[in-house]
Amino acid sequence: RAKSEGRGTYRFFEAKMGVEVRERRRLEHDMRHAVARGEMHLVYQPQCDVDSGTVVGFEVLLRWTHPQRGMVSPADFIPIAEESGAILQIGEWVLREACRQAATWANPLSVAVNVSAVQILAPHFVQVVHEVLFQTGLKPERLEIEITETALIRDPGRAQAALRQLKALGLRIAMDDFGTGYSSLSNLRAYPFDKIKIDASFIRDVDANEQAAAIVRSVLGLGRGLGLPILAEGVETEGELRFLADESCHAAQGYLMGRPAAIETFGAHTHPAEGAPATAAA
Ligand code: C2E
Ligand code: MG
Ligand code: MG
Ligand code: MG
């Protein structure tokens, strides 16, 4: 226990922790019913070919509207869902919903789904993906799974096996948030990635910041050497996009090309009636 002189501070700290723990338990509890109560929904963000501006696919992002708190950010609730295990149920719902939706699109664009470590390492995950593809009829080559490298650290052997089995189903695997993890380079060798997504933090002001530019150029060089396409995340300005085009980056995603939104927003790409080839909104 705290010594007498530090007691006040200790008590305050303890009380504050208590609030945070209760807060967390509350969210954890509410999350268990969120899917069943229809509080979760998906938004879609376009991924574009840098040269042509064409939309080539969509990343699926989860949204939770809490009945009292309103919108809770996935950055806040995903870590809690991972710890409680609720991510297994929620993640399966995301996957099924995204594949079901994508299977209705006239253009065979790809759909990228974020998958957490807990899911990858769960014993039946590959089976679940297989079932979802079968049930929804989505062609496996249209599904991309995004994972962060931190996902791989906990059990590298098992993660490796799971990724290989997933690839055997015919889908693609992207390394998300590249550059922010512990050992990006060795992970590129150890795991069968099909794409690298450069984290948004390196794209910020890449056209004006020499350090960011040097890092992005080297990642693009790495991609060329490994034969892996590179997607830049978080592209917000014309200047950033121009830099990426000049440096032969393959794909880009960010507020400049489109914010995450309800799928209906992108009717021209995802609906048969509109017909015309997909092009990015300027
Ligand atoms: P992420 O997979 O790296 O997704 C990109 C995040 O950047 C998204 O935040 C997106 O809305 C945001 N973003 C996109 N373009 C821009 C831009 O130009 N500027 C800025 N400032 N931000 C941009 P979001 O939707 O809040 O998601 C945060 C993270 O939560 C995701 O990062 C992902 O790690 C996780 N996440 C979201 N949905 C799911 C899900 O269904 N399952 C799992 N396991 N994780 C998810
Ligand atoms: Mg992602
Ligand atoms: Mg990312
Ligand atoms: Mg992220």
Side-chain angles (χ1 to χ4, degrees), residues 31 34-35 39-48 55 57-65 70-102 110-122 125 128-129 132 143-152 159 172-181 184 193-207 219 230-241 244 251-263 265 280-281:
M31 209 182 300
V35 168
E39 295 166 9
M40 299 268 182
H41 74 278
L42 301 180
V43 288
Y44 294 76
Q45 186 177 33
Q47 300 182 322
C48 300
V55 174
F58 290 91
E59 179 176 3
V60 176
L61 295 158
L62 182 58
R63 294 291 178 263
W64 180 20
T65 314
M71 195 68 84
V72 186
S73 165
D76 293 329
F77 74 81
I78 295 280
I80 299 175
E82 287 173 339
E83 238 173 76
S84 73
I87 193 68
L88 292 176
Q89 183 225 355
I90 295 170
E92 187 174 333
W93 177 81
V94 170
L95 183 73
R96 181 167 282 113
E97 194 59 20
C99 291
R100 193 190 56 72
Q101 173 58 241
S110 70
V111 63
V113 178
N114 292 285
V115 169
S116 89
V118 179
Q119 290 173 273
I120 297 275
L121 298 177
F125 183 65
V128 167
V129 175
V132 166
L143 177 62
E144 192 165 281
I145 279 178
E146 294 192 4
I147 52 177
T148 61
E149 55 191 318
T150 40
L152 309 169
R172 279 167 296 130
I173 299 168
M175 183 190 268
D176 205 350
D177 302 349
F178 183 79
T180 62
S184 308
F193 289 105
D194 299 290
K195 182 192 275 189
I196 297 171
K197 296 188 75 177
I198 312 182
D199 191 68
S201 57
F202 303 110
I203 304 305
R204 192 68 47 250
D205 292 329
V206 71
D207 50 326
V219 176
I230 309 285
L231 179 146
E233 296 192 82
V235 179
E236 292 186 355
T237 70
E238 291 289 353
E240 289 162 3
L241 185 62
L244 295 167
Q253 179 180 350
Y255 293 169
L256 180 68
M257 281 76 63
R259 288 182 180 254
I263 194 64
T265 316

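Order of listing sets the numbers, starting from 1, for every ligand and every atom in it.
The part of R63 lying near ligand 1 is the side chain, judged by heavy-atom distances below 4.0 Å. Counting heavy atoms closer than 4.0 Å to ligand 1, residue I78 contributes side-chain atoms (C-beta onward) but none from N, CA, C or O. Within the 4.0 Å heavy-atom criterion, the part of E233 lying near ligand 1 is the side chain and not the backbone. When heavy-atom distances to ligand 1 are checked against a 4.0 Å cut-off, V113 has no atom that comes that close, whether in backbone or side chain. By the criterion of a heavy-atom distance under 4.0 Å, neither the backbone nor the side chain of D199 is placed next to ligand 1. Within the 4.0 Å heavy-atom criterion, the part of Q45 lying near ligand 1 is the side chain and not the backbone.
Taking backbone and side chain together, T148 holds no N, O or S atom under 2.8 Å from the Mg ion (ligand 2).
No other N/O/S atom of D177 lies as close to the Mg ion (ligand 3) as OD1 does. For E59, the N, O or S atom closest to the Mg ion (ligand 2) goes by the atom name OE2. Restricting E146 to its N, O or S atoms, the one at the least distance from the Mg ion (ligand 2) is OE1. Minimum-distance N/O/S atom of D176 relative to the Mg ion (ligand 3): OD1.
For the residue pair Q253 / Q47, a side-chain donor-acceptor distance below 3.5 Å is found, with atom types taken as modelled.
The minimum heavy-atom distance between G234 and A200, with the atom names listed, is CA-CB, 3.8 Å. Shown here for V118 and E82, the closest heavy-atom pair between the two residues is CG2-O, 3.7 Å. Taking all atoms of both residues into account, the shortest heavy-atom contact from E149 to G179 is OE2-N, 4.0 Å.
Annotation for ligand 1: atoms under 4.0 Å from non-hydrogen atoms of S116 are 44 (N). Listed by atom number, the atoms of ligand 1 under 4.0 Å from D176 heavy atoms are 1 (P), 2 (O), 3 (O). Heavy-atom contacts of V94 reach the following atoms of ligand 1: 41 (O) (cutoff under 4.0 Å). Interface of E236 with ligand 1, defined as ligand atoms under 4.0 Å from a residue heavy atom, comprises 17 (C), 18 (O), 19 (N), 20 (C), 21 (N). Heavy-atom proximity to P260, at under 4.0 Å, picks out these atoms of ligand 1: 11 (O).
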Name each donor-acceptor pair under 3.5 Å that joins a side chain in residues 87-98 to protein atoms two or more places apart or in another chain, with its distance.
from : atom 1 : to   : atom 2 : distance (Å)
E92  : OE2    : R96  : NH1    : 3.3
R96  : NE     : Q135 : OE1    : 3.4
R96  : NH2    : Q135 : OE1    : 3.1
E97  : OE2    : R100 : NH2    : 2.7

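Here the CG-CD1 distance, from L244 to I230, works out to 11.0 Å after rounding to the nearest 0.5 Å. For the atom pair CD1 (I263) and NE2 (H41), the distance works out to 12.0 Å, reported to the nearest 0.5 Å. Interatomic distance, R259 CZ to E236 CD, rounded to the nearest 0.5 Å: 7.5 Å.
Within the 3.5 Å criterion, the main-chain N or O of D199 finds no donor-acceptor partner in the side chain of D177. Proximity of a side-chain donor or acceptor of Q119 to a complementary backbone N or O of S116 within less than 3.5 Å is detected. For the pair E240 (side chain) and D207 (backbone), a donor-acceptor distance under 3.5 Å is absent.
Residue-to-ligand polar distances keep R204 apart from ligand 1: every N/O pair is separated by 3.5 Å or more. Of the N or O atoms in Y255, one or more lie within a sub-3.5 Å distance of an N or O in ligand 1. Taking any N or O of L62, backbone or side chain, at least one lies under 3.5 Å from an N or O belonging to ligand 1. Residue-to-ligand polar distances keep E82 apart from ligand 1: every N/O pair is separated by 3.5 Å or more.
Ligand 1 has E59 within reach: a non-hydrogen atom of the residue lies less than 4.0 Å from it. G234 counts as a contact of ligand 1, since one of its heavy atoms falls under 4.0 Å from the ligand.
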(request) Apply the test salt bridge (charged side-chain N to carboxylate O under 4.0 Å, His left out) to residues K197 and E59: give CA-CA distance (whole Å), side-chain angles for both, the deciding distance (0.1 Å), then the verdict. (result) CA-CA 12 Å; K197 296 188 75 177; E59 179 176 3; 2.9 Å; yes
